[in-house]
**Student:** 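Have a look at this one.
These numbers come from a predicted model, not from an experiment. Chain letters run A, B, ... following the sequence lines, proteins first and then strands; every chain starts at 1.
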Amino acid sequence: MITSINISQKQYFNWQECLWYLDRGFDDCVYQVRPGCVRRAFEFEGEAVLVDISYANGALTLQWLIGTKSTATINHVHQFVADWFDLETDLTPFYKLLLANQPLAYMAQSFKGLRFVGMPDIFESLAWGIIGQQINLSFAYKLKRRLVETYGTSLLYGDGKYWIFPTPAKLSGLQPDDLRQLQFSQKKAEYLITVAKQFADNALSKNIVLALPDFLSRQKILTSIRGIGVWTANYVLMKSLKERSSIPYGDAGILKALILHGFMKDKTDLQGMDSFYKTFAGWESYLSFYLWRSLANKPEEQETSVMPPSL
DNA sequence: CTCCAGGTATTTT
DNA sequence: AAAATACATGGA
């Protein structure tokens, strides 16, 4: 079976750029990138499916490889994919801002059509935020894979295995020692289990956060949880809830990118960071995403570098 | 050995 | 209120 998702904002959409970002050298265990396509397993209301997502004629095409595919599941996956690749946003104003900023103008060309790659599942997003705190990304992806392969579920197709992120219920029953065996620090283990319990008890959910009236109250409900600071809260709000004006304050990668582009003198120059972000009001999340993107170069771009000539 | 990586909580000025 | 420090782990 094949279904498709129309891309309403095609002007700045480049599937290859999105796929490249997904596969930029790290090992995310919840999807698999193949030529022109990304494969991912989903579970919704007890139904597990495996889908190949590719692009054709201005729409994303989903080939359903495994599963009984109820209408509810199809709708759920369609919504997930639309959120995952941010298909509804008109990027024209963002590209105008990029072009007006000399050190960043090259991005409008080099990254043209790259959509904000989200993480629609807020629990996975929170877990990933906790895992990623203060460690390098390679190690963070290793921890995520160990977690998923130990406590998640998988689908078999051909000779491949496709993993689905563990549920809050599954993780809520763990003890910190269980996660320490996967090389989680004591703190990360405690934080993650606490969050899992909140979701399992329905004390926290995507809808609960979405129902709050504004950004600050959403940030507050997240930072009130032990282990969730401003960085993690803002990260989750942008990756999972599409907050446009979220800034991952303190992010080591963002700071590095801002210094490389000449917007900050050093990592303590937080005022420089703030004033810089003000010029991208309404697009702070997209800008952050593009700054992260700038830290990874395609192999064929290494020599010519995607950075401005002055760098 | 040192420093740091997509931080946070706690303690000390 | 602001600054220093402890916490954990693997990689360069």
**Student:** Over all heavy atoms of both residues, which pair between A/Lys112 and A/Asn14 is shortest? Give the atoms and the distance, please.
**Tutor:** O-CB, 3.4 Å
**Student:** Report the distance from atom CG of A/Leu97 to atom CG of A/Leu104, rounding to the nearest 0.5 Å.
**Tutor:** 10.0 Å
**Student:** Would the distance check show the side chain of A/Tyr286 and the main-chain N or O of A/Leu91 forming a donor-acceptor pair, the cut-off being under 3.5 Å?
**Tutor:** no
**Student:** B/dG7, OP1 or OP2 - any side-chain N/O from A/Arg226 closer than 4.0 Å?
**Tutor:** no
**Student:** Please encode protein proximity along nucleotides 1-6 of chain C as a string of B, S and -, counting only heavy-atom distances under 4.0 Å.
**Tutor:** ------
**Student:** CD/A/Glu190 to CG/A/Leu179 distance, rounded to the nearest 0.5 angstrom?
**Tutor:** 10.5 Å
**Student:** Out of C/dA8, B/dT10, B/dT8, which has the shortest distance to the side chain of A/Ser185?
**Tutor:** C/dA8
**Student:** Roughly how far apart, to the nearest Å, are B/dC4 and C/dA4 at atom P?
**Tutor:** 16 Å
**Student:** Between B/dT11 and C/dA8, how far apart are the P atoms? Round to whole Å, please.
**Tutor:** 13 Å
**Student:** Here's a test for you: under ring pair (Phe, Tyr, Trp, His ring centres under 6.0 Å), which of A/Phe165, A/Phe123, A/Phe26, A/Tyr141 qualifies with A/Trp128?
**Tutor:** A/Tyr141
**Student:** Closest nucleotide of DNA chain B for A/Ile225 versus for A/Gly132: which of these residues is on the 5' side?
**Tutor:** A/Gly132
**Student:** I'd like to know whether CD of A/Glu149 has more than 12 heavy-atom contacts from other residues, nucleotides or ligands below 6.0 angstrom.
**Tutor:** yes
**Student:** Using salt bridge (Lys or Arg N to Asp or Glu O under 4.0 Å) as the criterion, list what pairs up with A/Asp28, not counting sequence neighbours.
**Tutor:** A/Lys144
**Student:** Which atom pairs, donor and acceptor, lie under 3.5 Å between side-chain atoms of residues 48-58 of chain A and protein residues at least two apart or in another chain?
**Tutor:**
residue : atom : partner : partner atom : Å
A/Asp52 : OD1  : A/Arg39 : NE           : 2.7
A/Asp52 : OD2  : A/Arg39 : NH2          : 3.0
A/Tyr55 : OH   : A/Gly58 : N            : 3.3

**Student:** With a 4.0 Å heavy-atom cut-off, tell me which residues in residues 186-196 of chain A come close to DNA chain C, sorted by residue number.
**Tutor:** A/Gln186, A/Lys187
**Student:** Check DNA chain C against residues 245-256 of chain A and give the residues with a non-hydrogen atom under 4.0 Å, in numerical order.
**Tutor:** none
**Student:** Can you tell me if NZ on A/Lys256 sees more than 12 non-hydrogen neighbours from other groups inside 6.0 Å?
**Tutor:** no
**Student:** If you measure from CG on A/Leu287 to CD1 on A/Ile254, what distance do you get to the nearest 0.5 Å?
**Tutor:** 7.0 Å
**Student:** Do A/Arg24's NZ or CZ and the ring of A/Trp292 fall within the cation-pi criteria of under 6.0 Å and 45°?
**Tutor:** no
**Student:** Send over the distance from A/Leu179 CG to C/dA8 P, rounded to a whole Å.
**Tutor:** 14 Å
**Student:** Heavy atoms under 4.0 Å, any strand shown: does A/Lys267 hit a base, just sugar-phosphate, or nothing?
**Tutor:** sugar-phosphate
**Student:** Does anything in residues 133-147 of chain A come within less than 4.0 Å of DNA chain C? Heavy atoms only, and list the residues if so.
**Tutor:** A/Gln134, A/Ile135, A/Asn136, A/Phe139, A/Lys142
**Student:** Testing A/Lys69, A/Gln63, A/His78 one by one against A/Thr3 for a side-chain hydrogen bond (donor to acceptor under 3.5 Å, both in side chains), which residue passes?
**Tutor:** A/His78
**Student:** Could you tell me how far C/dT5 sits from B/dC3 if I compare only their P atoms? Round to whole Å.
**Tutor:** 14 Å
**Student:** How would you label the contact of A/Leu182 with the nucleic acid (heavy atoms, under 4.0 Å): base, sugar-phosphate, or nothing?
**Tutor:** nothing
**Student:** Using the ring of A/Phe215 (Phe, Tyr or Trp, six-membered ring only), decide whether A/Arg218 places NZ or CZ under 6.0 Å from its centre and within 45 degrees of its axis.
**Tutor:** no
**Student:** Measure from NZ or CZ of A/Lys239 to the centre of the six-membered ring of A/Phe116 and say whether it is under 6.0 Å with the direction within 45° of the ring axis.
**Tutor:** yes
